[in-house]
There are 2 protein chains.
Amino acid sequence: MLDTTPQTYTRADEAFDCLQTAIVKGDLVPGDKIGELDLCSRFELTRGPLREALGRLESRGLLVRRPHAGVRVVSLSTTELVELYRIREIMEGLAARQAAERMTDQEIADLQATLDAHETMIDEAHGQAYYQAEGDYDFHHRIATGSRNAKLAQMLLGDLYYMVRMYRYRLSTSAGRPHRALGEHRRIVEAIAQRDGELAEFLMKRHINAARKNIEKKIQEGVLTI
Amino acid sequence: MLDTTPQTYTRADEAFDCLQTAIVKGDLVPGDKIGELDLCSRFELTRGPLREALGRLESRGLLVRRPHAGVRVVSLSTTELVELYRIREIMEGLAARQAAERMTDQEIADLQATLDAHETMIDEAHGQAYYQAEGDYDFHHRIATGSRNAKLAQMLLGDLYYMVRMYRYRLSTSAGRPHRALGEHRRIVEAIAQRDGELAEFLMKRHINAARKNIEKKIQEGVLTI
DNA sequence: CCAGCATAGTTTGTCGACAATATGGGCTTG
DNA sequence: CAAGCCCATATTGTCGACAAACTATGCTGG
């Protein structure tokens, strides 16, 4: 009885994944009402597991639900989106600090390899914001798990990232930003490799702060309308 | 259509509240398995709403669920409990900063009144750790909501506090700590009243840091065994 | 012509029963 | 006598139907 891997994928889990990806990909647009039986027919499942999944999504803040009145995808205001980045800033800062203290050498090497792959991706598909976003997500994902702080990783990966990604596809990254972001990533990894948690935290916070300011600028320019 | 208050309390919400309070109060002990129909008979409801509530609780990390194998209350290791306080430290620090910037004068006055009431509570029931805990909770609750950062408040009030409270009733506060904590609270509110966000953040972080160290000390002394 | 209300329709909340799967006990076998 | 296997049981996952509540349409009255 060493590896207990019953690993039964329940329909509710399936429904949860389907809905979450549908929301992130933008198939389910924020704001408009979505009926339960519409979702049932779309994802080939019954209302029981679906409702369970809806409850979970609501609890995570991706859906808002009013009794007897249906469920709709949460639509963040511009200020709420900015507030989200304020939270990211401190939480990812902590993650970077703890990652610097706790990541294995192997994990750090992998992380550096990831950045190399990321660089070629940017060079090849110059302007392709999608790959940039995925690479960026991968980077932050590894640091969150590398922190060895289960609750922190859960909050980042389970709550915040999905909300950020949900709005990211609209935020076409500005011209030279991918390269600049990559440089920032590189410096963060350097700090982690040197086991300098304090510096890693500082750099990560500044990195996310830059992203936040970038969004705020776009909002003020009127480029971004939510 | 000014105040849309249908506010229908659904059975699932009821189940959610019942379970959450039962977990926090310690009626449901961490670790041991709890059957669904046991819960149904205990709270007078059917399995449908119950399962929905279970999904929500699981999503929030208070329950851990294995398919076909039942559900059990999460049991934190000592390191996980300490990690929780690391997260609290930064998040409540941010909350204090934003509260200093955004709370209304009225809210600040109420907060000060709360501290006064809290002081008399401590004097009257000296040693009664329960009231201390509730007053402490009230204080942090007000600051979280006062931050005007919806997501931040949701994460603090919805996720972290319940987990902390779940373990708090075992952590009998040490002798002189209530008075010291009250003093720390006072200084935080002072900083908020002066609209000094930076100072408020610093003081709040130090306040929670002290609480964390207090717990770590007890763990090392062997007083606290989870 | 507009405002307010009653009603019909649709959607959600809830319930009970059926099917699938993990746990525990007894048995067989080395 | 111990270890591994098999089966029975109980619990969980899933489904379809009924009841309650909100939304929207049409009507009446001012």
Side-chain angles (χ1 to χ4, degrees), chain A residues 1-20 22-23 28-75, chain B residues 1-20 22-23 28-75:
Chain A
M1 212 191 273
L2 297 173
D3 58 335
T4 60
T5 24
Q7 292 295 21
T8 319
Y9 238 50
T10 170
R11 308 279 284 223
D13 294 328
E14 186 188 329
F16 182 75
D17 291 337
C18 286
L19 283 174
Q20 203 168 33
I23 292 171
L28 265 46
V29 184
D32 55 28
K33 178 171 169 289
I34 46 182
E36 288 189 1
L37 25 86
D38 292 356
L39 295 174
C40 288
S41 57
R42 195 203 285 225
F43 297 120
E44 295 286 332
L45 39 88
T46 58
R47 283 183 60 213
L50 179 86
R51 284 182 61 82
E52 211 173 310
L54 289 177
R56 288 197 235 175
L57 268 309
E58 183 200 16
S59 176
R60 296 200 176 183
L62 266 75
L63 294 180
V64 52
R65 217 169 170 189
R66 236 178 36 187
H68 297 281
V71 51
R72 50 190 70 227
V73 179
V74 73
S75 92
Chain B
M1 210 192 273
L2 296 173
D3 59 336
T4 60
T5 26
Q7 291 296 22
T8 319
Y9 237 52
T10 170
R11 308 277 284 223
D13 294 328
E14 185 188 332
F16 183 76
D17 291 338
C18 286
L19 283 174
Q20 202 167 33
I23 291 172
L28 265 45
V29 183
D32 55 28
K33 179 171 170 289
I34 46 181
E36 289 188 2
L37 27 85
D38 291 356
L39 296 173
C40 287
S41 57
R42 192 202 288 224
F43 298 120
E44 294 287 330
L45 38 88
T46 57
R47 285 183 58 213
L50 179 86
R51 284 182 61 82
E52 212 172 310
L54 289 178
R56 288 198 236 176
L57 268 309
E58 183 199 18
S59 176
R60 295 201 177 185
L62 266 76
L63 294 180
V64 52
R65 219 169 168 190
R66 236 178 38 184
H68 295 281
V71 52
R72 48 190 72 228
V73 179
V74 73
S75 92

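What you see is a predicted model; the values in this text were computed from it and never measured. Numbers restart at 1 for each chain; the letters A, B, ... are given by sequence-line order, proteins then strands.
Rounded to an integer number of Å, the gap from NZ of K33(A) to P of dT10(C) is 12 Å. The interatomic distance linking R65(A) (CZ) with dT11(C) (C1') rounds to 13 Å, in whole Å. A straight line from CZ of R11(A) to C1' of dA19(C) spans 13 Å, rounded to a whole angstrom. One can place CD1 of I34(A) at 14 Å from C1' of dT11(C), the figure rounded to the nearest angstrom. Rounded to whole Å, the distance from CD on E14(A) to P on dG13(D) is 15 Å.
With rounding to the nearest 0.5 angstrom, the CD atom of E52(A) is 11.0 Å from the OG atom of S59(B).
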Anything under 3.5 Å between a protein N or O and an N or O of nucleotides 23-25 of chain D, put it in a table, one pair a line.
unit_1: dT23(D); atom_1: OP1; unit_2: R66(A); atom_2: NH2; d: 2.8

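The phosphate of dT12(C) (OP1 or OP2) has no side-chain N or O of T10(B) nearer than 4.0 angstrom.
Against DNA chain C, the stretch residues 35-54 of chain A makes heavy-atom approaches under 4.0 Å through G35(A), E36(A), R47(A), R51(A).
Taking all atoms of both residues into account, the shortest heavy-atom contact from F16(B) to A53(B) is N-CB, 3.6 Å. Contact between V73(B) and L63(B) at its shortest, heavy atoms only, is CA-CD2, 3.9 Å. Counting all heavy atoms, side chain and backbone alike, A15(A) lies closest to L45(A) at CB-CD2, 3.6 Å.
For the side chain to side chain donor-acceptor pair (under 3.5 Å) test, no residue two or more places apart in sequence or in another chain qualifies with T10(A). Annotation: side chain to side chain donor-acceptor pair (under 3.5 Å) contacts of R42(B) (sequence neighbours excluded): none. Looking at residues two or more places apart in sequence or on another chain, you find a salt bridge (Lys or Arg N to Asp or Glu O under 4.0 Å) between D13(A) and R56(A).
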What donor-acceptor contacts under 3.5 angstrom involve side-chain atoms of residues 28-41 of chain A, with partners at least two apart or in another chain?
unit_1: E36(A); atom_1: OE1; unit_2: R47(A); atom_2: NE; d: 2.9
unit_1: E36(A); atom_1: OE1; unit_2: R47(A); atom_2: NH2; d: 3.2
unit_1: E36(A); atom_1: OE2; unit_2: R51(A); atom_2: NH1; d: 2.9
unit_1: S41(A); atom_1: OG; unit_2: L37(A); atom_2: O; d: 3.2
unit_1: S41(A); atom_1: OG; unit_2: D38(A); atom_2: O; d: 2.8

